Protein chains: 2
Amino acid sequence: MVKEQNTEDRIVDAAKKVFINKGMDGARMQEIANEAGINKALLHYYFRTKNKLFEKVFSLVFGDVLHVIEQAVTKETDFEQFLENFIRQYIRLLKNKPFIPQFVIHELNRKPERIVAQIQSKNVIKEQMFSIIERAVEKKEIRPIQPVHLVTNILALCIFPFVAKPMVKGLALDDDEKKYKQYINERPDEVVAFVKQAVLLR
Amino acid sequence: MVKEQNTEDRIVDAAKKVFINKGMDGARMQEIANEAGINKALLHYYFRTKNKLFEKVFSLVFGDVLHVIEQAVTKETDFEQFLENFIRQYIRLLKNKPFIPQFVIHELNRKPERIVAQIQSKNVIKEQMFSIIERAVEKKEIRPIQPVHLVTNILALCIFPFVAKPMVKGLALDDDEKKYKQYINERPDEVVAFVKQAVLLR
DNA sequence: GTCTATAACCGGATAGAC
DNA sequence: GTCTATCCGGTTATAGAC
């Protein structure tokens, strides 16, 4: 977005790119330096260790994820509108940054304590989503379902096609990139329809 | 399962354990050797390089995954039975080996070409699943839906709670292991009900 | 086949000049 | 702030005795 960046930002951007694609263990400081157009020593000058640089990147990325979800959540309180908006917005985001979920999931599994350190805005999001669902159940707009399950179902349907891309593409779509693109384009309608059918009372 | 194992099998078992938990990049030959109760040199005697050992492990694990799915698929041809069996069997399996999907997904993303090398039984599974679904659509047992979407929806609903455990537990369940266990126990009924609602024509 | 010892290498981190 | 050169620990891989 920005043209002229200071060194620190260039490093962070480069680090994001490399860490997201290779993970903490697979990433190389040399590669990050190359990506940023500087040399290794300078990385250490700005962020003393690889680990510190990684933590910085992870908290930024995870913060973004939470922020986007929060945005999508706090817009609507009507259930059907919320469902539509959330699913479409979230999948659109994933189309632009398809490697983020795999990165976040992998690094959270590697070090699950991380989640605790990161949970500031968590409760806002959780309470908001849960209350939308609970209200919809009370109003008999949807069948009785526990909020945790509905939320994870929705996230699963949105995220899985991206994290499991090689499997979906290889096992079901003849390893054909065009078919995969097409499939991804169909997902928003498909997921919205699927969830609505599953929970809306008609 | 077996008590007395030869060295090669002990190595492979140890390697599975370590690679599945740490991934290719995070795993250490020393740790595998310790786990197998031998020394590093012997690893190289049996499998010349770390990479060769990893490839062996990956193809075994991925083969198992495909095999289990194949089993679940080829049992029933009636749609509703297939749905029930598949979901319940698959989640039961994941409860026993919760780290497999994250491992497979991560390593496939690291090297997507892998999938091509591994696709022997692929088509049997795919054709079988797809034809069960297509027949159900024709018979008006379920609403019209593309097989790819239904299959990925089902897999997503089964797998996601395991690969995203830290997120589900941390963001939605107060980071409480008991609540997570409880949540996982509810999944089979929840997923079966969700999918049936979503597709069955009543 | 299995071990100990060690070579060879790689990658994160530091020293020090500019 | 940025660079080149270098160190040093850890990890894969090999040599060679048993």
Side-chain angles (χ1 to χ4, degrees), chain A residues 2-61 99 103 106-107 109-111 113-114 117, chain B residues 2-61 99 103 106-107 109-111 113-114 117:
Chain A
V2 184
K3 262 285 159 60
E4 293 296 322
Q5 284 180 307
N6 61 33
T7 306
E8 185 161 340
D9 291 344
R10 294 241 308 287
I11 291 175
V12 171
D13 281 355
K16 265 190 198 171
K17 195 166 167 182
V18 175
F19 278 131
I20 286 172
N21 282 299
K22 305 283 176 79
M24 168 65 180
D25 293 329
R28 293 291 164 261
M29 293 298 263
Q30 186 60 60
E31 193 179 348
I32 295 173
N34 294 343
E35 188 69 36
I38 53 159
N39 66 333
K40 269 196 302 177
L42 213 47
L43 296 181
H44 292 282
Y45 174 77
Y46 280 95
F47 305 85
R48 269 181 1 90
T49 67
K50 181 184 181 183
N51 202 51
K52 285 198 192 333
L53 177 54
F54 176 81
E55 292 298 337
K56 174 82 179 180
V57 166
F58 184 83
S59 70
L60 284 176
V61 172
F99 301 124
F103 169 69
H106 181 248
E107 297 300 339
N109 277 317
R110 227 174 46 91
K111 211 153 180 277
E113 316 85 80
R114 237 184 266 291
Chain B
V2 184
K3 263 284 157 63
E4 294 295 324
Q5 284 180 309
N6 62 32
T7 306
E8 184 161 342
D9 291 343
R10 293 239 310 286
I11 291 174
V12 171
D13 281 354
K16 266 190 197 170
K17 195 165 167 183
V18 176
F19 278 131
I20 286 172
N21 282 300
K22 305 281 176 83
M24 167 66 181
D25 294 329
R28 294 290 164 258
M29 294 296 264
Q30 186 60 58
E31 193 179 349
I32 296 173
N34 295 344
E35 188 70 35
I38 55 160
N39 65 334
K40 275 193 300 177
L42 214 47
L43 296 181
H44 289 94
Y45 173 78
Y46 280 95
F47 305 86
R48 266 180 7 86
T49 66
K50 180 185 180 183
N51 202 52
K52 284 198 193 333
L53 177 55
F54 176 80
E55 291 299 334
K56 175 82 178 181
V57 166
F58 184 84
S59 71
L60 285 175
V61 172
F99 301 125
F103 169 70
H106 182 247
E107 297 300 339
N109 277 318
R110 229 174 44 93
K111 214 156 178 273
E113 318 84 81
R114 238 185 266 291

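These figures come from a predicted structure and were not determined experimentally. Every chain is numbered from 1, with letters handed out A, B, ... down the list of sequences.
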Within this structure, what is the CZ-CD distance for the pair B:Arg10 and B:Gln5, rounded to the nearest 0.5 Å?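 Going from CZ on B:Arg10 over to CD on B:Gln5, the span is 7.0 Å.
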Rounded off to whole Å, could you give me the [atom1]-to-[atom2] distance for the [X] and [N] pair?
X	N	atom1	atom2	value
A:Ile11	D:dT2	CD1	C1'	10 Å
B:Lys52	D:dT12	NZ	P	16 Å
A:Asp9	D:dG1	CG	P	12 Å
B:Ile32	D:dT12	CD1	C1'	11 Å

5' to 3', nucleotides 3-16 of chain C under a 4.0 Å protein heavy-atom cut-off (B base, S sugar-phosphate only, - none) gives BB------SBBBB-
Polar atoms only, N or O, under 3.5 Å: list the protein pairs with nucleotides 7-9 of chain D and their distances.
none

Which atom pair, heavy atoms only, marks the closest approach of A:Gly26 to B:Asp25?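 So the minimum-distance heavy-atom pair works out to CA-OD2, 3.3 Å.
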Which heavy-atom pair separates A:Asp9 from A:Asn6 by the least distance, and what is that distance?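 Taking A:Asp9 first and A:Asn6 second, the nearest heavy atoms are N-OD1, 2.8 Å.
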Note, A:Phe47 side chain near A:Leu43 side chain (heavy atom, < 4.5 Å):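 No, side chains not in contact.
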Do other residues, nucleotides or ligands put more than 12 heavy atoms under 6.0 Å from B:Phe99 CZ?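 No, CZ of B:Phe99 has 12 or fewer neighbouring heavy atoms, counting only those of other groups under 6.0 Å.
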Test ring-ring contact (aromatic ring centres under 6.0 Å, His included) applied to B:His44 - qualifying residues, sequence neighbours left out: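 Once residues adjacent in sequence are excluded, B:His44 has no partner under the ring-ring contact (aromatic ring centres under 6.0 Å, His included) criterion.
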In residues 16-25 of chain A, which residues come under 4.0 Å of DNA chain D by heavy atom?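 The stretch gives none, as no residue of it lies under 4.0 Å from the strand.
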Going by the rule side chain to side chain contact (heavy atoms under 4.5 Å, CB included), which residues pair with B:Glu107 if we only count those two or more places apart in sequence or in a different chain?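 Residues passing side chain to side chain contact (heavy atoms under 4.5 Å, CB included) with B:Glu107: B:Met24, B:Phe54, B:Phe58, B:Phe103, B:Arg110, B:Arg114.
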Which residues satisfy the side chain to side chain contact (heavy atoms under 4.5 Å, CB included) test with A:Arg28, sequence neighbours excluded?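 With sequence neighbours excluded, A:Arg28 shows a side chain to side chain contact (heavy atoms under 4.5 Å, CB included) to A:Glu31, A:Lys50, given in chain and number order.
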Per the side-chain hydrogen bond (donor to acceptor under 3.5 Å, both in side chains) rule, which among B:Lys17, B:Gln30, B:Lys16 passes with B:Glu35?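 The option that passes is B:Lys17.
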For A:Ile32, run the side-chain contact (heavy atoms from CB on, under 4.5 Å) check against A:Val18, A:Asp13, A:Val12 and tell me which one passes.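 When A:Val18, A:Asp13, A:Val12 are each tested with A:Ile32, the side-chain contact (heavy atoms from CB on, under 4.5 Å) holds only for A:Val18.
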